[in-house]
Amino acid sequence: MSRVEPLSREAIEAALAELPGWTYADDRLQKTYTFGSFREAVSFIVRIAFEAEQLNHHPELHNVYNRVTLALTTHAAGNRVTARDVELARAIERIAWVK
Ligand SMILES: C[C@H](O)[C@H](O)[C@H]1CNC2=NC(N)=NC(=O)C2=N1
């Protein structure tokens, strides 16, 4: 896949204004979701996996019991945040609200 350009800090802050709970740190978009159970957390991860395959853009996933922490960055941009990360964060938000 072709290289994509990193977003400016301003562009990232503008995108985050529409993504509640997401933060920008260490060249990643990050959020922790808390669910009612391990089962729900894993179900969320599986649904993210299908979406990531569809978008051909993959998150870093960390699960502890009922919590899922996500970190989005673009390897092809030298591990910086790009429009692909914003697109994936928006898709994940939609998934999180459809249970
Ligand atoms: C070949 C394939 O398109 C690339 O490896 C894709 C797959 N998923 C990816 N995911 C992420 N997070 N960054 C990438 O640069 C990336 N590249």
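Note that the numbering runs from 1 along the sequence shown for the chain. Computed over heavy atoms, backbone and side chain alike; hydrogens, waters and symmetry mates excluded. Quick caveat: nothing in here was measured; it's all calculated off a predicted structure. Both counts, for ligands and for their atoms, begin at 1 and track the order of listing.
By the 4.0 Å N-to-carboxylate-O rule, Lys31 lies close enough to Glu93 to be salt-bridged with it. Salt-bridge annotation for Arg9 and Glu13: present, with a side-chain N of the basic residue lying under 4.0 Å from a carboxylate O of the acidic one.
Residue contacts with ligand 1 include Thr73, since one of its heavy atoms falls under 4.0 Å from the ligand.
Between Thr74 and ligand 1, no N or O atom pair is found at a separation short of 3.5 Å. Checked against a 3.5 angstrom limit, the closest N/O atoms of Asp85 and ligand 1 fall outside it.
The shortest non-hydrogen separation linking Thr23 to Leu16 is C-CD1, 4.0 Å. Contact detail for Glu5 and Thr82: the closest heavy-atom pair is O-CG2, 3.4 Å.
Summarising the contacts of atom 2 (C) of ligand 1 with Asn79, Asn56, Val4, the nearest heavy atom is found in Asn56.
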